[in-house]
Amino acid sequence: MRQDPLAFLTTELNALRDQGLYRRLRVLESEALAHATFDHTSVVNLSSNNYLGFATHPRLREAALEAVRTYGVGSGAVRTISGTMALHVELERRLAAFKKVEAVVVFQSGFTANAGTVSAILNKDDAIISDELNHASIIDGARLSRATIKVFPHKDADAARAIMRDLPAGQRKLLITDGVFSMDGDLGPLPALCDVAEEFGAIMMVDDAHASGVFGAQGRGTVDHFGCHGRVDIQVGTLSKAIGVLGGYVAGTRDFIDFLCHRARPFLFSTSHPPAVTAACIAALDVLESEPQWMEQLWDNTRFFKAGLTALGFNTGRSESPITPVIVGEAPVAMQFSDKLFAQGVFAQGIGFPTVPKGQARLRTMPAATHTREDLQYALDMFGKVGRELGVIP
Ligand SMILES: *Cc1c(COP(=O)(O)O)cnc(C)c1O
(Lines give C-alpha, C1' and ligand atoms only; values in the text may rest on other atoms or scores of the structure.)
Protein backbone atom coordinates (compact mmCIF):
# COMPACT_ATOMS: atom_id res chain seq x y z
CA MET A 1 0.00 0.00 0.00
CA ARG A 2 1.17 3.54 -0.80
CA GLN A 3 2.47 5.45 2.22
CA ASP A 4 0.83 8.85 2.79
CA PRO A 5 3.60 11.38 2.02
CA LEU A 6 1.66 13.93 4.13
CA ALA A 7 1.78 11.79 7.29
CA PHE A 8 4.33 14.17 8.84
CA LEU A 9 1.55 16.77 9.06
CA THR A 10 -0.54 14.43 11.21
CA THR A 11 2.46 14.19 13.55
CA GLU A 12 2.66 17.99 13.72
CA LEU A 13 -1.08 18.28 14.39
CA ASN A 14 -0.77 15.79 17.22
CA ALA A 15 2.04 17.91 18.68
CA LEU A 16 -0.32 20.92 18.60
CA ARG A 17 -2.93 18.84 20.43
CA ASP A 18 -0.36 17.83 23.09
CA GLN A 19 0.54 21.49 23.66
CA GLY A 20 -3.11 22.53 23.94
CA LEU A 21 -2.75 24.68 20.80
CA TYR A 22 -5.09 22.72 18.55
CA ARG A 23 -8.09 24.82 17.59
CA ARG A 24 -11.54 23.85 16.48
CA LEU A 25 -13.35 26.50 14.47
CA ARG A 26 -16.54 27.89 15.93
CA VAL A 27 -19.28 27.81 13.31
CA LEU A 28 -21.58 30.81 12.83
CA GLU A 29 -25.09 29.59 12.04
CA SER A 30 -26.93 32.92 11.99
CA GLU A 31 -26.14 36.26 10.35
CA ALA A 32 -23.02 37.99 11.72
CA LEU A 33 -25.02 39.92 14.32
CA ALA A 34 -23.91 41.38 17.66
CA HIS A 35 -26.04 38.65 19.24
CA ALA A 36 -25.47 35.59 17.08
CA THR A 37 -25.67 31.79 17.04
CA PHE A 38 -22.42 29.79 17.03
CA ASP A 39 -22.32 26.01 17.49
CA HIS A 40 -26.07 25.92 18.29
CA THR A 41 -25.56 28.47 21.10
CA SER A 42 -26.97 31.98 21.20
CA VAL A 43 -24.21 34.33 22.37
CA VAL A 44 -23.28 37.98 22.75
CA ASN A 45 -20.64 38.15 20.01
CA LEU A 46 -17.59 40.10 21.19
CA SER A 47 -15.27 38.54 18.60
CA SER A 48 -16.31 40.16 15.33
CA ASN A 49 -14.60 42.95 13.35
CA ASN A 50 -18.04 44.00 12.10
CA TYR A 51 -17.71 47.22 14.15
CA LEU A 52 -20.67 49.10 12.72
CA GLY A 53 -23.05 46.24 11.95
CA PHE A 54 -22.60 46.87 8.21
CA ALA A 55 -22.29 43.13 7.43
CA THR A 56 -26.08 42.95 7.71
CA HIS A 57 -27.06 46.58 7.04
CA PRO A 58 -30.23 46.76 4.87
CA ARG A 59 -28.76 49.29 2.42
CA LEU A 60 -25.66 47.14 1.78
CA ARG A 61 -27.77 44.02 1.46
CA GLU A 62 -30.08 45.72 -1.06
CA ALA A 63 -27.13 47.11 -3.08
CA ALA A 64 -25.62 43.62 -3.29
CA LEU A 65 -28.90 42.06 -4.42
CA GLU A 66 -29.45 44.78 -7.01
CA ALA A 67 -25.91 44.25 -8.38
CA VAL A 68 -26.52 40.51 -8.70
CA ARG A 69 -29.73 41.16 -10.66
CA THR A 70 -28.05 43.72 -12.93
CA TYR A 71 -24.54 42.31 -13.35
CA GLY A 72 -24.60 38.66 -12.25
CA VAL A 73 -22.34 36.99 -9.72
CA GLY A 74 -18.82 37.11 -11.19
CA SER A 75 -16.49 39.47 -13.04
CA GLY A 76 -15.04 36.76 -15.28
CA ALA A 77 -11.37 37.78 -15.27
CA VAL A 78 -8.48 39.51 -13.56
CA ARG A 79 -8.55 43.30 -13.60
CA THR A 80 -5.90 43.62 -16.34
CA ILE A 81 -7.63 41.31 -18.85
CA SER A 82 -11.38 41.98 -18.88
CA GLY A 83 -12.31 41.97 -15.20
CA THR A 84 -12.47 45.73 -14.56
CA MET A 85 -16.16 46.56 -14.23
CA ALA A 86 -17.66 50.06 -14.06
CA LEU A 87 -18.55 49.26 -10.43
CA HIS A 88 -14.86 48.69 -9.58
CA VAL A 89 -13.92 52.06 -11.08
CA GLU A 90 -16.77 53.75 -9.19
CA LEU A 91 -15.70 52.21 -5.85
CA GLU A 92 -12.10 53.34 -6.37
CA ARG A 93 -13.20 56.87 -7.23
CA ARG A 94 -15.38 56.97 -4.09
CA LEU A 95 -12.60 55.60 -1.88
CA ALA A 96 -10.10 58.16 -3.20
CA ALA A 97 -12.50 60.99 -2.29
CA PHE A 98 -13.11 59.37 1.13
CA LYS A 99 -9.37 59.12 1.88
CA LYS A 100 -8.65 62.56 0.34
CA VAL A 101 -6.00 61.20 -2.04
CA GLU A 102 -5.51 61.23 -5.81
CA ALA A 103 -6.18 57.58 -6.43
CA VAL A 104 -7.08 54.19 -4.94
CA VAL A 105 -6.78 50.61 -6.15
CA VAL A 106 -8.89 47.83 -4.65
CA PHE A 107 -7.47 44.36 -3.97
CA GLN A 108 -9.18 41.06 -3.12
CA SER A 109 -8.38 41.53 0.59
CA GLY A 110 -6.44 43.69 3.01
CA PHE A 111 -3.90 40.88 3.16
CA THR A 112 -3.22 40.95 -0.58
CA ALA A 113 -3.25 44.77 -0.56
CA ASN A 114 -0.38 44.86 1.96
CA ALA A 115 1.60 41.92 0.62
CA GLY A 116 1.08 42.96 -3.00
CA THR A 117 2.07 46.59 -2.42
CA VAL A 118 5.21 46.12 -0.33
CA SER A 119 6.54 43.39 -2.63
CA ALA A 120 5.81 45.45 -5.77
CA ILE A 121 7.55 48.68 -4.80
CA LEU A 122 10.72 47.37 -3.06
CA ASN A 123 13.52 45.02 -4.04
CA LYS A 124 16.58 43.41 -2.44
CA ASP A 125 18.58 46.66 -2.36
CA ASP A 126 15.96 48.45 -0.24
CA ALA A 127 15.16 48.54 3.50
CA ILE A 128 11.90 48.17 5.41
CA ILE A 129 11.70 49.64 8.91
CA SER A 130 8.74 47.97 10.62
CA ASP A 131 7.04 48.02 14.05
CA GLU A 132 7.49 44.67 15.83
CA LEU A 133 3.71 44.20 16.12
CA ASN A 134 2.84 44.95 12.48
CA HIS A 135 0.36 42.64 10.76
CA ALA A 136 1.42 39.32 9.19
CA SER A 137 0.51 40.55 5.68
CA ILE A 138 3.12 43.34 5.98
CA ILE A 139 5.72 40.83 7.11
CA ASP A 140 4.89 38.52 4.19
CA GLY A 141 5.08 41.43 1.71
CA ALA A 142 8.44 42.44 3.18
CA ARG A 143 9.77 38.88 2.80
CA LEU A 144 8.50 38.62 -0.78
CA SER A 145 10.25 41.89 -1.68
CA ARG A 146 13.61 40.46 -0.46
CA ALA A 147 14.41 43.87 1.02
CA THR A 148 16.35 44.11 4.31
CA ILE A 149 13.86 44.03 7.19
CA LYS A 150 14.65 46.11 10.30
CA VAL A 151 12.19 45.76 13.17
CA PHE A 152 11.83 48.52 15.79
CA PRO A 153 10.31 48.09 19.30
CA HIS A 154 6.57 48.73 19.44
CA LYS A 155 5.65 52.40 18.81
CA ASP A 156 9.25 53.52 19.40
CA ALA A 157 9.84 56.32 16.86
CA ASP A 158 13.29 57.12 18.36
CA ALA A 159 14.35 53.52 17.78
CA ALA A 160 13.11 53.78 14.17
CA ARG A 161 15.22 56.94 13.81
CA ALA A 162 18.31 55.18 15.17
CA ILE A 163 17.83 52.35 12.65
CA MET A 164 17.47 54.89 9.80
CA ARG A 165 20.69 56.60 10.86
CA ASP A 166 22.62 53.33 10.57
CA LEU A 167 21.38 52.61 7.05
CA PRO A 168 23.23 53.99 3.99
CA ALA A 169 21.90 57.46 3.09
CA GLY A 170 21.31 56.46 -0.54
CA GLN A 171 19.28 53.35 0.29
CA ARG A 172 15.53 53.45 -0.42
CA LYS A 173 13.60 53.09 2.86
CA LEU A 174 10.00 52.24 3.73
CA LEU A 175 8.78 53.08 7.26
CA ILE A 176 5.66 51.14 8.06
CA THR A 177 3.21 50.89 10.96
CA ASP A 178 -0.28 49.67 11.68
CA GLY A 179 -2.70 52.54 12.35
CA VAL A 180 -4.48 50.46 15.01
CA PHE A 181 -2.71 47.35 16.30
CA SER A 182 -5.04 44.40 16.00
CA MET A 183 -4.25 42.50 19.23
CA ASP A 184 -3.75 45.43 21.65
CA GLY A 185 -5.99 48.11 20.17
CA ASP A 186 -3.40 50.86 20.58
CA LEU A 187 -2.50 53.40 17.86
CA GLY A 188 0.67 53.79 15.83
CA PRO A 189 2.45 57.09 16.69
CA LEU A 190 1.82 58.58 13.25
CA PRO A 191 3.01 62.18 13.76
CA ALA A 192 6.34 61.06 15.29
CA LEU A 193 6.88 58.42 12.59
CA CYS A 194 6.07 60.94 9.84
CA ASP A 195 8.79 63.18 11.33
CA VAL A 196 11.28 60.32 11.10
CA ALA A 197 10.27 59.43 7.54
CA GLU A 198 10.63 63.06 6.45
CA GLU A 199 14.02 63.40 8.16
CA PHE A 200 15.43 60.48 6.13
CA GLY A 201 13.42 60.81 2.92
CA ALA A 202 11.71 57.48 3.62
CA ILE A 203 8.41 56.32 2.17
CA MET A 204 5.75 56.46 4.93
CA MET A 205 3.13 53.69 4.95
CA VAL A 206 0.20 53.06 7.32
CA ASP A 207 -1.94 49.91 7.46
CA ASP A 208 -5.29 51.23 8.62
CA ALA A 209 -7.29 47.99 8.53
CA HIS A 210 -8.84 48.53 11.98
CA ALA A 211 -9.24 52.30 11.60
CA SER A 212 -11.47 52.81 8.55
CA GLY A 213 -14.99 53.38 9.82
CA VAL A 214 -13.68 53.76 13.38
CA PHE A 215 -11.22 56.71 13.56
CA GLY A 216 -11.19 60.13 11.88
CA ALA A 217 -14.04 62.19 10.42
CA GLN A 218 -16.73 59.81 9.07
CA GLY A 219 -14.27 56.96 9.64
CA ARG A 220 -11.50 58.18 7.32
CA GLY A 221 -8.85 56.50 9.47
CA THR A 222 -5.85 57.36 11.63
CA VAL A 223 -4.21 59.65 9.07
CA ASP A 224 -7.27 61.89 9.38
CA HIS A 225 -7.49 61.34 13.16
CA PHE A 226 -3.88 62.55 13.64
CA GLY A 227 -4.12 65.34 11.03
CA CYS A 228 -1.40 63.70 8.92
CA HIS A 229 -2.95 64.22 5.47
CA GLY A 230 -0.17 64.76 2.92
CA ARG A 231 2.49 63.18 5.16
CA VAL A 232 1.64 59.50 4.60
CA ASP A 233 2.57 58.24 1.12
CA ILE A 234 0.77 54.92 1.27
CA GLN A 235 -2.43 54.11 3.16
CA VAL A 236 -3.83 50.59 3.17
CA GLY A 237 -7.37 49.92 4.29
CA THR A 238 -9.68 46.94 4.43
CA LEU A 239 -13.27 46.60 3.29
CA SER A 240 -13.61 43.44 5.40
CA LYS A 241 -13.93 44.93 8.89
CA ALA A 242 -15.97 48.07 9.70
CA ILE A 243 -17.01 48.35 6.03
CA GLY A 244 -18.61 44.94 6.58
CA VAL A 245 -17.90 43.23 3.25
CA LEU A 246 -14.59 41.99 1.78
CA GLY A 247 -11.52 43.49 0.18
CA GLY A 248 -8.56 45.77 0.69
CA TYR A 249 -7.43 49.03 -0.88
CA VAL A 250 -4.34 51.13 -1.31
CA ALA A 251 -4.55 54.93 -1.38
CA GLY A 252 -1.94 57.42 -2.61
CA THR A 253 -0.76 59.44 -5.60
CA ARG A 254 -2.04 58.68 -9.11
CA ASP A 255 1.35 57.46 -10.39
CA PHE A 256 1.92 55.22 -7.37
CA ILE A 257 -1.50 53.59 -7.85
CA ASP A 258 -0.93 53.34 -11.61
CA PHE A 259 2.36 51.57 -10.90
CA LEU A 260 0.60 49.04 -8.64
CA CYS A 261 -1.87 48.35 -11.47
CA HIS A 262 1.16 47.34 -13.57
CA ARG A 263 3.22 45.47 -10.99
CA ALA A 264 1.23 44.30 -7.93
CA ARG A 265 0.87 40.56 -8.43
CA PRO A 266 -2.54 40.05 -6.75
CA PHE A 267 -3.93 42.73 -9.10
CA LEU A 268 -2.37 41.08 -12.15
CA PHE A 269 -2.95 37.43 -11.36
CA SER A 270 -6.13 37.06 -9.27
CA THR A 271 -9.74 37.66 -10.34
CA SER A 272 -11.49 40.88 -9.32
CA HIS A 273 -14.36 41.11 -6.84
CA PRO A 274 -17.85 40.02 -7.86
CA PRO A 275 -20.39 42.83 -8.44
CA ALA A 276 -22.27 42.18 -5.18
CA VAL A 277 -19.13 42.78 -3.09
CA THR A 278 -18.25 45.98 -4.91
CA ALA A 279 -21.77 47.41 -4.85
CA ALA A 280 -22.09 46.68 -1.13
CA CYS A 281 -18.80 48.52 -0.47
CA ILE A 282 -20.06 51.58 -2.37
CA ALA A 283 -23.25 51.49 -0.30
CA ALA A 284 -21.13 51.28 2.87
CA LEU A 285 -19.45 54.59 1.97
CA ASP A 286 -22.91 56.15 1.46
CA VAL A 287 -23.98 54.89 4.88
CA LEU A 288 -20.79 56.15 6.59
CA GLU A 289 -21.56 59.62 5.24
CA SER A 290 -25.31 59.70 5.91
CA GLU A 291 -25.68 57.66 9.13
CA PRO A 292 -23.13 58.99 11.65
CA GLN A 293 -25.07 57.28 14.48
CA TRP A 294 -23.23 53.98 13.92
CA MET A 295 -19.82 55.43 14.72
CA GLU A 296 -21.27 57.33 17.69
CA GLN A 297 -22.86 54.15 19.05
CA LEU A 298 -19.64 52.20 18.51
CA TRP A 299 -17.71 54.67 20.67
CA ASP A 300 -20.50 54.94 23.30
CA ASN A 301 -20.52 51.15 23.62
CA THR A 302 -16.72 51.03 23.68
CA ARG A 303 -16.53 53.52 26.58
CA PHE A 304 -19.26 51.69 28.51
CA PHE A 305 -17.69 48.25 28.05
CA LYS A 306 -14.10 49.33 28.82
CA ALA A 307 -15.22 51.17 31.96
CA GLY A 308 -17.10 48.05 33.08
CA LEU A 309 -14.11 45.76 32.60
CA THR A 310 -11.82 48.18 34.43
CA ALA A 311 -14.26 48.49 37.33
CA LEU A 312 -14.28 44.68 37.63
CA GLY A 313 -10.48 44.79 38.02
CA PHE A 314 -9.42 43.36 34.63
CA ASN A 315 -6.20 44.32 32.85
CA THR A 316 -7.20 45.77 29.45
CA GLY A 317 -3.67 46.73 28.47
CA ARG A 318 -3.03 49.88 26.45
CA SER A 319 -6.07 49.90 24.16
CA GLU A 320 -7.21 53.20 22.64
CA SER A 321 -9.80 51.69 20.28
CA PRO A 322 -12.81 49.36 20.43
CA ILE A 323 -10.36 46.40 20.36
CA THR A 324 -10.19 45.64 24.09
CA PRO A 325 -7.90 42.83 25.25
CA VAL A 326 -8.58 41.22 28.63
CA ILE A 327 -5.09 40.01 29.51
CA VAL A 328 -5.07 36.91 31.73
CA GLY A 329 -1.50 35.57 31.43
CA GLU A 330 -1.09 31.95 30.38
CA ALA A 331 -2.72 30.53 27.26
CA PRO A 332 -4.58 27.64 28.98
CA VAL A 333 -6.25 30.17 31.32
CA ALA A 334 -7.35 32.28 28.34
CA MET A 335 -8.77 29.24 26.55
CA GLN A 336 -10.57 28.01 29.69
CA PHE A 337 -11.92 31.53 30.33
CA SER A 338 -13.21 31.72 26.77
CA ASP A 339 -14.88 28.28 26.96
CA LYS A 340 -16.59 29.09 30.28
CA LEU A 341 -17.84 32.41 28.93
CA PHE A 342 -19.18 30.68 25.84
CA ALA A 343 -21.12 28.25 28.02
CA GLN A 344 -22.66 31.34 29.68
CA GLY A 345 -23.62 32.87 26.32
CA VAL A 346 -20.68 35.22 25.70
CA PHE A 347 -18.23 34.72 22.82
CA ALA A 348 -14.79 36.28 23.40
CA GLN A 349 -12.01 34.45 21.55
CA GLY A 350 -8.99 33.35 23.57
CA ILE A 351 -5.65 34.25 21.98
CA GLY A 352 -2.23 32.92 22.93
CA PHE A 353 1.31 32.51 21.64
CA PRO A 354 2.43 32.95 18.84
CA THR A 355 -0.28 35.54 17.97
CA VAL A 356 0.61 37.43 21.18
CA PRO A 357 3.78 37.14 23.33
CA LYS A 358 4.10 34.33 25.91
CA GLY A 359 2.58 35.25 29.29
CA GLN A 360 0.23 37.78 27.68
CA ALA A 361 -2.55 35.44 26.58
CA ARG A 362 -5.85 37.20 26.45
CA LEU A 363 -9.47 37.30 25.49
CA ARG A 364 -9.93 39.72 22.65
CA THR A 365 -13.19 41.64 22.94
CA MET A 366 -14.69 44.16 20.57
CA PRO A 367 -17.94 45.91 21.32
CA ALA A 368 -19.90 46.85 18.18
CA ALA A 369 -22.31 49.68 17.40
CA THR A 370 -25.13 47.14 17.30
CA HIS A 371 -24.74 45.68 20.81
CA THR A 372 -27.53 46.73 23.14
CA ARG A 373 -26.68 47.95 26.64
CA GLU A 374 -28.31 44.73 27.91
CA ASP A 375 -25.95 42.64 25.74
CA LEU A 376 -22.91 44.46 27.11
CA GLN A 377 -24.09 44.48 30.73
CA TYR A 378 -24.77 40.74 30.49
CA ALA A 379 -21.28 40.17 29.04
CA LEU A 380 -19.73 42.23 31.88
CA ASP A 381 -21.66 40.23 34.49
CA MET A 382 -20.40 36.97 32.98
CA PHE A 383 -16.82 38.29 32.75
CA GLY A 384 -17.04 39.09 36.47
CA LYS A 385 -18.48 35.68 37.38
CA VAL A 386 -15.99 33.61 35.34
CA GLY A 387 -13.07 35.91 36.18
CA ARG A 388 -13.68 35.34 39.92
CA GLU A 389 -14.13 31.58 39.43
CA LEU A 390 -10.75 31.35 37.68
CA GLY A 391 -9.04 33.73 40.10
CA VAL A 392 -8.19 36.23 37.36
CA ILE A 393 -9.84 38.96 39.46
CA PRO A 394 -10.31 38.93 43.25
C1 LIG B 1 -7.32 42.24 9.21
C2 LIG B 1 -6.08 42.96 8.89
C3 LIG B 1 -5.54 42.91 7.60
C4 LIG B 1 -6.12 42.02 6.53
O5 LIG B 1 -7.36 42.48 6.07
P6 LIG B 1 -8.34 41.46 5.31
O7 LIG B 1 -9.21 42.35 4.50
O8 LIG B 1 -9.07 40.70 6.35
O9 LIG B 1 -7.48 40.57 4.46
C10 LIG B 1 -4.42 43.67 7.32
N11 LIG B 1 -3.83 44.43 8.28
C12 LIG B 1 -4.32 44.49 9.54
C13 LIG B 1 -3.64 45.36 10.56
C14 LIG B 1 -5.44 43.76 9.89
O15 LIG B 1 -5.90 43.80 11.13
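No hydrogens, no waters, no symmetry mates; every other heavy atom, side chains included, goes into these values.
Residues Pro325 and Met183 fail the side-chain proximity criterion, which asks for heavy atoms closer than 4.5 Å. Leu341 is not listed as a side-chain neighbour of Phe347, based on a closest heavy-atom distance of 4.5 Å or more. When side chains are defined from C-beta on, Leu46 counts as touching Phe383, because their heavy atoms get closer than 4.5 Å. Contact check for His40 versus Val27: no side-chain heavy atoms found under the 4.5 Å cut-off. At a threshold of 4.5 Å between non-hydrogen side-chain atoms, the residues Met204 and Leu193 count as touching.
Relative to the six-membered ring of Tyr22, Arg17 meets both conditions, a distance below 6.0 Å and an angle of at most 45° to the axis. Stacking of Arg161 on the aromatic ring of Phe200 is not recorded, the 6.0 Å distance cut-off and the 45° axial limit not both being met.
With no hydrogens or angles considered, a side-chain donor-acceptor pair links Thr372 and Asp375 at under 3.5 Å. Side chains of Ser145 and Ser119: a donor-acceptor N/O pair is absent below 3.5 angstrom, by distance only. Defined by atom type and a distance below 3.5 Å, a donor-acceptor pair is present between the side-chain atoms of Thr112 and Ser109. Looking only at atom types and distance, the side chain of Lys241 has no donor-acceptor partner in the side chain of Ser212 under 3.5 Å away. Side-chain atoms of Asp178 and His135 include no donor-acceptor pair closer than 3.5 Å. Side-chain contact, Arg364 with Ser338: no donor N or O sits under 3.5 Å from an acceptor N or O. Counting only N and O atoms by type, the side chains of Gln360 and Arg362 include a donor and acceptor under 3.5 Å apart. Asn45 and His371 share no donor-acceptor pair across their side chains, judged by distance under 3.5 Å alone. In this structure, a donor-acceptor pair under 3.5 Å is present between the side chains of Glu291 and Trp294. No side-chain donor from either of Thr177 and Asp131 sits under 3.5 Å from a side-chain acceptor of the other. Side-chain contact, Gln297 with Asn301: no donor N or O sits under 3.5 Å from an acceptor N or O. Side-chain polar atoms of Asn134 and Ser130 form a donor-acceptor pair below 3.5 angstrom. Between the side chains of Arg79 and Thr84, at least one donor-acceptor pair of N or O atoms lies under 3.5 Å.
Taking all atoms of both residues into account, the shortest heavy-atom contact from Thr365 to Ala348 is CG2-CB, 4.0 Å. Closest heavy-atom contact between Val232 and Cys194: CG2-SG, 3.9 Å. Taking every heavy atom of both residues into account, Leu309 and Leu380 meet most closely at N-CD2, 3.6 Å. Scanning both residues, Pro367 and Leu376, for their nearest heavy atoms gives CB-CD2, 4.3 Å. Between Ala120 and Leu260, the shortest heavy-atom contact is CB-CD2, 4.1 Å. Contact record, Leu52 with Thr370: O-CG2, 4.1 Å, taken as the closest heavy-atom pair.
Side-chain heavy atoms closer than 4.5 Å link hydrophobic residues (I, L, V, M, F, W, Y) into clusters, and following such links, possibly through other members, connects Leu288 to Leu91. Under the 4.5 Å side-chain heavy-atom criterion for grouping Ile, Leu, Val, Met, Phe, Trp and Tyr, Val287 is connected to Met295 within one hydrophobic cluster. Criterion: ILVMFWY side-chain heavy atoms under 4.5 Å apart, direct or through other members. Under it, Leu95 and Ile243 are part of a common hydrophobic cluster. Linking ILVMFWY side-chain heavy atoms closer than 4.5 Å, directly or via other members, places Phe226 and Val236 in two distinct hydrophobic clusters. Hydrophobic clustering of Ile, Leu, Val, Met, Phe, Trp and Tyr side chains at less than 4.5 Å, counting indirect connections, keeps Phe342 apart from Val346.
Remark: Arg23 CZ is loosely packed, at most 12 non-hydrogen atoms of other residues, nucleotides or ligands lying under 6.0 Å away. Heavy atoms of other residues, nucleotides or ligands lying less than 6.0 angstrom from CZ of Arg373 number more than 12. Other residues, nucleotides and ligands contribute only 12 or fewer heavy atoms inside 6.0 Å of the NZ atom of Lys150. Environment of CZ in Arg263: sparse, with no more than 12 heavy atoms of neighbouring residues, nucleotides or ligands closer than 6.0 Å.
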- request: Assess whether salt bridge (Lys or Arg N to Asp or Glu O under 4.0 Å) is satisfied between Asp224 and Lys99, documenting all intermediate values.
  value: CA-CA 8 Å; Asp224 190 83; Lys99 299 298 275 191; over 6 Å; no
- request: Start with the C-alpha distance between Phe181 and His210, add both sets of side-chain angles, then the distance that settles ring-ring contact (aromatic ring centres under 6.0 Å, His included), and finish with yes or no.
  value: CA-CA 8 Å; Phe181 289 88; His210 279 285; over 10 Å; no
message: Applying salt bridge (Lys or Arg N to Asp or Glu O under 4.0 Å) to Glu90 and Arg93, what does each step give before you reach the verdict?
response: CA-CA 5 Å; Glu90 164 74 359; Arg93 193 185 60 73; 3.2 Å; yes
message: The test is side chain to side chain contact (heavy atoms under 4.5 Å, CB included); show your working for Ser47 and Arg26 and say whether it passes.
response: CA-CA 11 Å; Ser47 294; Arg26 292 229 183 261; over 6 Å; no
task: Apply side-chain hydrogen bond (donor to acceptor under 3.5 Å, both in side chains) to Ser319 and Lys306, showing your working.
output: CA-CA 9 Å; Ser319 169; Lys306 274 188 202 296; 2.5 Å; yes
task: With salt bridge (Lys or Arg N to Asp or Glu O under 4.0 Å) as the test, would you mind laying out the steps for Arg24 and Asp39 before giving the verdict?
output: CA-CA 11 Å; Arg24 209 177 46 76; Asp39 297 341; 3.7 Å; yes
- prompt: Hey, mind stepping through Ser75 and Ser272 against side-chain hydrogen bond (donor to acceptor under 3.5 Å, both in side chains) and telling me if it holds?
  reply: CA-CA 6 Å; Ser75 74; Ser272 55; 2.7 Å; yes
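The CG atom of Asp233 sits 8.0 Å away from atom OG1 of Thr253, with the distance rounded to the nearest 0.5 Å. Atoms CD1 and CG, on Ile203 and Leu122 in that order, are 5.5 Å from each other to the nearest 0.5 Å. For the atom pair Phe305 CZ and Met366 CE, the distance stands at 11.5 Å (nearest 0.5 Å).
Ring centers of Tyr249 and Phe107: at least 6.0 Å apart, outside the cut-off. You'll find the ring centres of Phe259 and His262 outside the 6.0 Å limit. For Phe215 and Trp299, the ring centers sit closer than 6.0 Å to each other.
Checked for salt-bridge contact, Glu66 and Arg69 meet the test: a charged N lies under 4.0 Å from a carboxylate O. Using a 4.0 Å cut-off between charged nitrogen and carboxylate oxygen, Lys155 and Glu132 do not count as a salt-bridge pair. Lys173 and Asp166 are not joined by a salt bridge, as no carboxylate oxygen comes within less than 4.0 angstrom of a charged side-chain nitrogen. Ion pairing between Asp286 and Arg94 holds under the 4.0 Å rule for side-chain N and carboxylate O.
Partner Ile129 forms a side chain to side chain contact (heavy atoms under 4.5 Å, CB included) with one of Leu167, Ile176, Thr148, Val151 and no other, that one being Leu167.
Checking side-chain atoms of Asn123 against main-chain N and O of Asp125 turns up a donor-acceptor pair under 3.5 Å. Side-chain N or O atoms of Ser270 include none that pairs as donor or acceptor with a backbone N or O of Pro266 at under 3.5 Å. Not one N or O on the side chain of Asn49 forms a donor-acceptor pair closer than 3.5 Å with the backbone of Ala242. Between the Thr222 side chain and the His225 main chain, no donor and acceptor come within less than 3.5 Å of each other.
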